[in-house]
Every structure is written in C-alpha cells, then in structure tokens.
Amino acid sequence: CQTEAIFTGQTARMAMKHAGDSKFFKSVSISRKSQAPEAFLLILAYIRSLGVPLPTWIHTDGANELRAGGMVPIFQKHTMRVTTNRVGGSNANGVEPVFRVMGSGARRLLVDANLTDCPFLREYAEDYWEDGHAIKPRRSPPHTSSLGRLSGSGKVKVGHRLPWGCLCYPTVAPRHPGGTLVNKHAEQA
C-alpha cells in the first residue's frame, strides 16, 4: 500500500514488531502521532492479507498521544490486551533498535545510489530497506525470512524487488513508417 497518498509530510513512523519467532517488522509513515490509528489499521490490514490472525496482545511504550489519539477504541474493537512499560522502569522498546538499523540502511542506500538525503527519497529508501529486511533469510537453518515465518509459508517470492536507485533514460528510437527500427544494432536507450 502506498501510504504517500494518505499521509503527506511524514515526520514519524508507526511500527509494530512481532514478538514471536518471526520478529517480523512493519511500519507506516505518518506526519503526526494523531494519525497512529490509521497507520495501525493499515498494518492490521497487511497482517490480515497474509492470512495471519490479528495480534491479541500489544505492548507499547505508554505514549500518551497514542491513547489520546484514538487507539483505545481500535484495541477494544479487536479485543486486544494492551500493556505498557512502567514509568521510570525499563524504556526498552522493541522497534527502536530496528529504527536505528533502518536509518543506517536507508542512508547507505542513498549514498550508494549517489542520491541526496532528502525526506522524500529517505522515505522510499526506508520502505525499500524494510521490504528487504522482511524477506532476508536467517543465517542458520532453515534459512526462512521473518515474513515467511510470520505467514507460515516458509519461503517468500522476491521477484517484485528491483535494484534501488537505478535510473533509466529512455530515448525515442527512429523508426520506419512500418514501425521497424531504422538501425536494429544501435543502442536504443
């Protein structure tokens, strides 16, 4: 789902990480935390599209803006148990380490492609990195990806992936009136 049509001016990400064996990570860009309910519903729709049961337990860092932003009715509708970190206790958040790696990976993708580090391109680089992270196989057997472990299918198809940062400059090749190329041996693009 392309979230740019829904959210513009992204400054934050709403993310979920599966606490089970899969460690699957999914995020959606948002411009303010009050859009968290829409982002959460997008993530739930993605999980449901895989045929995976919706989570029954959500653990969060206790952000007040999420409670005030309309998340509670969604939790109640889907009968999800919600727990939060204790105030003054551990601030461990399961998605923060992934965000750090995602930021580093997105910067590396932009540098390798000789692209500028602007918010628009970084958004696409982060999405590309996240997609690759979900299909990257484990080093140890059975070498399944987090997406494959979450969906229970084992291996996932990766034919949709294209190289990041490649540009194509098409040219109009001269043709005869019948449609055939003037010079079939010359480079066409």
Side-chain angles (χ1 to χ4, degrees), residues 1-18 20-31 35-36 38-52 94-175 179-189:
C1 179
Q2 293 288 343
T3 59
E4 286 77 18
I6 299 171
F7 305 116
T8 57
Q10 295 86 351
T11 58
R13 276 190 178 263
M14 166 74 178
M16 290 179 66
K17 182 178 177 185
H18 189 252
D21 179 52
S22 73
K23 305 291 188 232
F24 178 73
F25 175 84
K26 186 69 180 160
S27 69
V28 175
S29 298
I30 55 178
S31 62
Q35 294 176 328
E38 290 89 354
F40 185 72
L41 290 173
L42 272 175
I43 294 172
L44 290 182
Y46 180 79
I47 291 171
R48 190 175 284 154
S49 74
L50 296 173
V52 177
V95 298
E96 292 299 329
V98 182
F99 277 146
R100 286 191 289 275
V101 176
M102 176 192 282
S104 174
R107 285 189 296 275
R108 188 194 74 238
L109 286 168
L110 291 168
V111 167
D112 288 349
N114 292 324
L115 297 171
T116 60
D117 189 4
C118 66
F120 175 73
L121 290 175
R122 176 175 290 208
E123 196 65 37
Y124 284 108
E126 288 172 345
D127 290 339
Y128 186 84
W129 179 91
E130 182 181 320
D131 185 45
H133 181 70
I135 61 177
K136 180 181 174 184
R138 278 185 177 166
R139 289 183 182 176
S140 59
H143 307 295
T144 55
S145 66
S146 63
L147 179 60
R149 289 188 303 275
L150 179 71
S151 65
S153 64
K155 295 187 177 182
V156 294
K157 295 182 180 181
V158 296
H160 67 281
R161 296 273 293 178
L162 298 173
W164 168 258
C166 293
L167 298 176
C168 178
Y169 298 98
T171 59
V172 177
R175 295 181 175 270
T180 60
L181 292 170
V182 171
N183 185 352
K184 291 183 181 182
H185 300 289
E187 293 183 7
Q188 304 300 324

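Expressed to the nearest 0.5 Å, how far CZ of Arg122 lies from CG of Leu110 amounts to 7.0 Å. Note that the CZ atom of Arg175 and the OG1 atom of Thr180 stand 8.0 Å from one another [nearest 0.5 Å]. Atom-to-atom distance recorded for Ile47:CD1 and Ser151:OG is 12.0 Å, nearest 0.5 angstrom. In this structure, Met14 CE and Leu42 CG are separated by 10.5 Å, a value rounded to the nearest 0.5 Å. A distance of 9.0 Å separates CZ of Arg48 from CG of Leu41, quoted to the nearest 0.5 Å.
Residues Ala125 and Leu109 come closest through the heavy atom pair O-CD1, 3.6 Å. In this structure, Tyr128 and Leu162 approach most closely via the heavy-atom pair OH-O, 2.8 Å. In terms of heavy-atom proximity, Val52 sits nearest to Leu150 at CG2-O, 3.4 Å. For Lys26 against Ile43, the heavy-atom pair with the smallest separation is O-CD1, 3.8 Å. Of all the heavy atoms in Leu115 and Leu121, the pair that sits closest is CB-CD1, 4.1 Å.
Residues satisfying the side-chain hydrogen bond (donor to acceptor under 3.5 Å, both in side chains) test with His133, not counting sequence neighbours, are none. Taking Ser145 as the reference, nothing meets the side-chain hydrogen bond (donor to acceptor under 3.5 Å, both in side chains) condition, with sequence neighbours excluded.
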request  = Could you give me the CA-CA distance, side-chain angles and deciding distance for Arg13 and Val95, then say whether side chain to side chain contact (heavy atoms under 4.5 Å, CB included) is met?
outcome  = CA-CA 10 Å; Arg13 276 190 178 263; Val95 298; over 6 Å; no

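Note on residues 98-115: no pairs pass side chain to side chain donor-acceptor pair (under 3.5 Å), not counting sequence neighbours.
Taking the six-membered ring where tryptophan is involved, the planes of Tyr46 and Phe24 are essentially parallel, since the angle between them stays under 30° and well short of 60°.
Remark: the backbone N or O of Thr144 is paired with a side-chain donor or acceptor of Arg149 at under 3.5 angstrom. Between the Trp129 side chain and the Gly105 main chain, no donor and acceptor come within less than 3.5 Å of each other.
When each of Glu126, Lys17, Glu130 is paired with Ser27, the side chain to side chain donor-acceptor pair (under 3.5 Å) condition holds for Glu130 and for no other.
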